[in-house]
Participant: 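Pasting in a structure now, in C-alpha cells, and then I'll have a few things to ask.
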Amino acid sequence: MSSTISVTLPDGSRREYPQGTTVLEVAESIGKRLARDTVAGVVGDCLVDLRTPLVADAPLRIVTARDPEAGEVIRHSAEHVMADAVQRLWPGTLIDAGRQDHSEKYQYDFRFPRPFKPEDFEKIEEEMARIIKEDLEFERDEVDREQVRQLMIDRGEELKVERLEAIPEGEAITLYRHGSFVDLCRGPHVQSTRQIGAVRLLEASGAYFKGDESNEMLQRIYGTAFASKKEMAEYFARLEELRKRDHRRLGRELDLFSFHPEAPASPFFHPRGTIVYNGLLDLMREKYLEYGYHEIITPQVFDVELWKRSGHYENYRDDMFFADAFDDVQDRNNSIKPMNCPAHCLLFGGRSHSYRDLPIRIADFGRLHRYERSGVVTGLTRVRTFSQDDGHIFCTPDQIGSEIEKLFDFIFEIYELFGFDDIKVFLSTRPEKAMGDPKVWEHAEKVLADCLEERDGVDFTINAGDGAFYGPKIDFDVHDALGRAWQLATIQLDFQMPDRFDLKYIDSDGAEQQPVMIHRAILGSVERFFGVMLEHFGGDLPPWLAPEQLRVLPITDAVMEYAEQVTAAARARGVRAELDRRSEKLGYKIREGEAMKVPYLLVIGGREAENGTVSLRLRHRRDEGVQSLDSVLDRVVEKIENRSLEL
RNA sequence: GCCCACGUAGCUCAGUGGUAGAGCACGUCCUUGGUAAGGACGGGGUCACCAGUUCAAGUCUGGUCGUGGGCUCCA
C-alpha cells in the first residue's frame, strides 16, 4: 500500500495527500473559508465524518453547511446537543439513543421520571442555545469495547451499556464528545456546536426501550435543526403546505367524508365522496372483465367455527368484532368478517372442480371490520371498517408464475392511471406466528422472489418475518403527503387455507390435487387508497373521478334559461354537471367553483346565450375563451372516458 | 393498548374564576354584477361528556369519550 493517496474532487482535479489525511485537512489545504464551513465529506456515495482518515484513492466531495447533506449532519449533532442540554438541566437523566427519521426530524430517548412538558422545551432550547454559543468542538474517538463499557458503567449509563451489547463483535466502536457530553455514536458530526444554526423542539412522546412493548417506556423528544434560521422557516412553511394536502382536511373541505364519535374510525362517505368511491369500484369492475375475474357477494356475519377452521380465531381473534344475538352474548358465536378469504374457500369447496376450470379468479368488495387498537387509527388510512378490491385466485401450482405475472401487469396498469410513481415493493417472509410447514414456506417465498427477479424494472426489498400468518407476500407501498408509507396493493401466496378447507381439484390423470390460493388486492383497502390518492392529487381529482365534473355559472338571471339548457345538455352526455343559480357576482361563483376543485367551469352571459356558446374556464387556470357548447362537451366527455389526468 | 397534546357555533379560532365572542359558512332582503370574496339585517352554543373544588367553573382537579402526533401493532 502506498503512503500517499489521490483524491479526486468534483471539478475533476486530483490532489495527493499522505495516507490518513482527514476530510477536514483536505478542506484546509484548499482554503480557509472552505475549511471553516466544512461539516462532512462524501467519499464515493458515502457520507463520512470530517475527521475520518482517508485510506485509499477515492473521489471526494466536501460538504458545507449549504449542501443538502449538511442537514443530516447538523441534526445529528443537534441531537447530541439536546441530550447534553437535558443532562445539564436534570443531572442523572440516563440517555438511550437518538435517531433521525425520513423527514428532517431527530429524536432522543431518555429515562426520565416524568413526561416532558412544553414548559420543559423552552428550558431545553435555551440550554441548547447556550451550548451552541459555547462553540464546543466535536471529538471523535475510536475505542475498544471494554473501554466503552467501563466508561458507560462509570457514568452510570445503564441503557448505553445494554445498547453496547447489541453491537456485533468486531465492529468498530466510535465515541463522540463535545464538552463533557459523550455518546456512543457512528457519526458524522459537525466541527463544532457553532455550526448548528437553528434548533427547535417539536414534540414529546413515550417510546418503548428498543421498540419492545414489554420493555420500560422511555421519554422521547423530537426536534429539528438547520444550518440557518432561514432554512428552518422554509421547513415550517413546507410543513404548512403539506398540511393543506392532508386528506382529512380535504375530505371536509370538499364535502367527501366525515367521522362521528358514535362510530370511531369508521368513515361516513357523503354523496360527493360516494361518487369518488364508486368511481374506484367501477374502474376495478371494468378491469375485472378484462382480467377474467368473477365478482361475488358474501355474508358479513359468520359462525365462529369458520375462523377456528381458517386459523383466524387463533391468530387474529383480538382484531375481530363479535356480533352476538341478544341471548347468546356469553358464547361469542357470531363474528363479523375481518377478511373474505374463508368465505371464498367455502364457495370454492362447495362443488367439485376440474383442472380445466383453473385458474378461478373471484372478486369481492365485501365490507370488512377489524378492531384496530385505539391508538393506531387515523383518517381514512387506518380505519375499523372498509372494503378491499379483494380477490382470490385458485390455481394449480404451475400456474402461480403466470398468475403473478398478470397481477404485476394489472397493478401497474391501474397505478399508471393515477400517476403513482413512487412505489416501493417488498417481499415479506415467514413471521414468528405462522401456520404450516417451514418447507412449504420456503418454497412459496422462492416462487415470489423468482417472479420479482424476472420482472424488469422492479426493485424490491425483503421484509424478513413480515408475512401473513398463512403465507409470504409482496406488498406495494405508496407515500402520503406527510411522507408516511402506506401499503396498498398486496399479493399473498397461501398453501395453508386450501389445506384447512380441504380444497381439491381433479387433475388430468384423475387424481385429486390441492389448489394454491393467491390473495390479492390492487387498490388494497378502498378507504386507504382514497385517502392516499386524495393527497397525491392535492384534492384536484382527474375529471373521471371528480364528484362534480362541470359547473355552469350564469352571470345574470336573464340567461338562466339558457344556463339550464347547457346543464341539461351536459347531463345528457353523462357529465356530472351542476348549475350555480345564486344571485352572486361572477367572481364569487368562480371562487367557489375553484375552491370545490371543479375541473370545468362554464361561464354564461348575454353574449353566450345569444350565440349558443359557452365560455370555458379550466380548474386553476385562466379563462380559455368562448367556444361552442358541443366542442366543450366533446372535450369533457373525451377526458372522462379516457380517464385522462389532464383537463 | 402505552406516552404526550388537544376538544368553545357547520369550519378556523379568540376568550385563564364573575352576564359566551370574531371571521367565514347558513337564512332573509337589496343588488343583475364578465373570470378567485357586493351590501344590510338575522338565526345559531348544555363551552365533548360525567363527577368534584368554589359564593361562582368554558376557565381549576379527577374520570370517560373522541381527535391529533409518536410507540407498539398493522392479515
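Naming convention: chains lettered A, B, ... in sequence-line order (proteins, then strands); numbering from 1 in each chain. Bear in mind that the values here come from a model prediction, so they are computed numbers and not experimental data.
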Participant: Contact class for Gln219(A) (heavy atom, under 4.0 Å): base, sugar-phosphate, or nothing?
Facilitator: sugar-phosphate
Participant: Which sits closer to the 5' end of RNA chain B, Asp623(A) or Gly379(A), going by the nucleotide each is nearest to?
Facilitator: Asp623(A)
Participant: Mind checking Ala265(A) for me? I need base, sugar-phosphate or nothing, with any heavy atom below 4.0 Å counting as a touch.
Facilitator: sugar-phosphate
Participant: Under 4.0 Å, counting only non-hydrogen atoms across every strand here, what does Arg220(A) touch: a base, just sugar-phosphate, or nothing?
Facilitator: sugar-phosphate
Participant: Examine Tyr106(A) together with His76(A) and report whether their ring centres are nearer than 6.0 Å.
Facilitator: no
Participant: What contact category does Glu203(A) fall into here, base, sugar-phosphate, or nothing, at under 4.0 angstrom with non-hydrogen atoms?
Facilitator: sugar-phosphate
Participant: Examine the base of U67(B) for any acceptor or donor lying under 3.5 Å from a partner atom in the side chain of Thr378(A), and report the outcome as yes or no.
Facilitator: no
Participant: Give the minimum heavy-atom separation between Trp307(A) and Pro342(A), together with the two atoms involved.
Facilitator: CZ3-CG, 3.3 Å
Participant: What distance, rounded to whole Å, do you find between the two P atoms, one in G33(B) and one in A20(B)?
Facilitator: 46 Å
Participant: Classify the angle between the aromatic ring planes of Phe112(A) and Phe116(A) as parallel (below 30°), tilted (30 to 60°) or perpendicular (above 60°).
Facilitator: parallel
Participant: Between G23(B) and U64(B), how far apart are the C1' atoms? Round to whole Å, please.
Facilitator: 33 Å
Participant: For A57(B) and G27(B), measure between their C1' atoms and round to the nearest Å.
Facilitator: 34 Å
Participant: NA contact type, Arg622(A), heavy-atom cut-off 4.0 Å: base, sugar-phosphate, or nothing?
Facilitator: sugar-phosphate
Participant: Cation-pi check, Lys337(A) to Phe302(A): give yes when NZ or CZ is under 6.0 Å from the six-membered ring centre and within 45° of the ring axis, no otherwise.
Facilitator: no
Participant: Using a 4.0 Å heavy-atom cut-off, does Tyr470(A) contact any base of the nucleic acid, only the sugar-phosphate backbone, or nothing at all?
Facilitator: sugar-phosphate
Participant: Which is true for Lys473(A) with a 4.0 Å heavy-atom rule: it touches a base, it touches only sugar-phosphate, or it touches nothing?
Facilitator: sugar-phosphate
Participant: For Leu616(A) and Ser266(A), take the nucleotide of RNA chain B holding the closest heavy atom to each; which residue's nucleotide lies nearer the 5' end?
Facilitator: Leu616(A)
Participant: Distance between the C1' atoms of C24(B) and A37(B), in whole angstroms?
Facilitator: 10 Å
Participant: Between the base of G70(B) and the side chain of Tyr208(A), is there a donor-acceptor distance below 3.5 Å?
Facilitator: no
Participant: Tell me what Gly375(A) touches on the nucleic acid: a base, only sugar-phosphate, or nothing, going by heavy atoms under 4.0 Å.
Facilitator: base
Participant: Which part of the nucleic acid does Gln388(A) contact within heavy-atom distance under 4.0 Å: base, sugar-phosphate only, or nothing?
Facilitator: nothing
Participant: Between C74(B) and G15(B), how many Å separate the two C1' atoms, rounded to a whole number?
Facilitator: 42 Å
Participant: Would you mind classifying the nucleic acid contact of Gln492(A) as base, sugar-phosphate or nothing, using non-hydrogen atoms under 4.0 angstrom?
Facilitator: sugar-phosphate
Participant: Is there, by distance only and without an angle test, a donor paired with an acceptor across the side chain of Arg373(A) and the base of C71(B) below 3.5 Å?
Facilitator: no
Participant: Using atom P in both nucleotides, what's the gap between U59(B) and U54(B) to the nearest angstrom?
Facilitator: 16 Å
Participant: Do the numbers put Arg238(A) on top of the ring of Tyr235(A), so that NZ or CZ is under 6.0 Å from the six-membered ring centre and no more than 45° off the axis?
Facilitator: no
Participant: Indicate, yes or no, whether a donor-acceptor pair under 3.5 Å links the base of C74(B) to the side chain of Arg382(A).
Facilitator: yes
Participant: Residues two or more places apart in sequence or in another chain: which of them pass ring-ring contact (aromatic ring centres under 6.0 Å, His included) with Phe469(A)?
Facilitator: His312(A)
Participant: Roughly how far apart, to the nearest Å, are G18(B) and A40(B) at atom P?
Facilitator: 33 Å
Participant: Measuring only the C1' atom in each nucleotide, how far is G66(B) from A48(B)? A whole number of Å is fine.
Facilitator: 8 Å
Participant: Is it the case that the base of G66(B) and the side chain of Glu262(A) share a donor-acceptor contact (distance under 3.5 Å, atom types as modelled)?
Facilitator: no
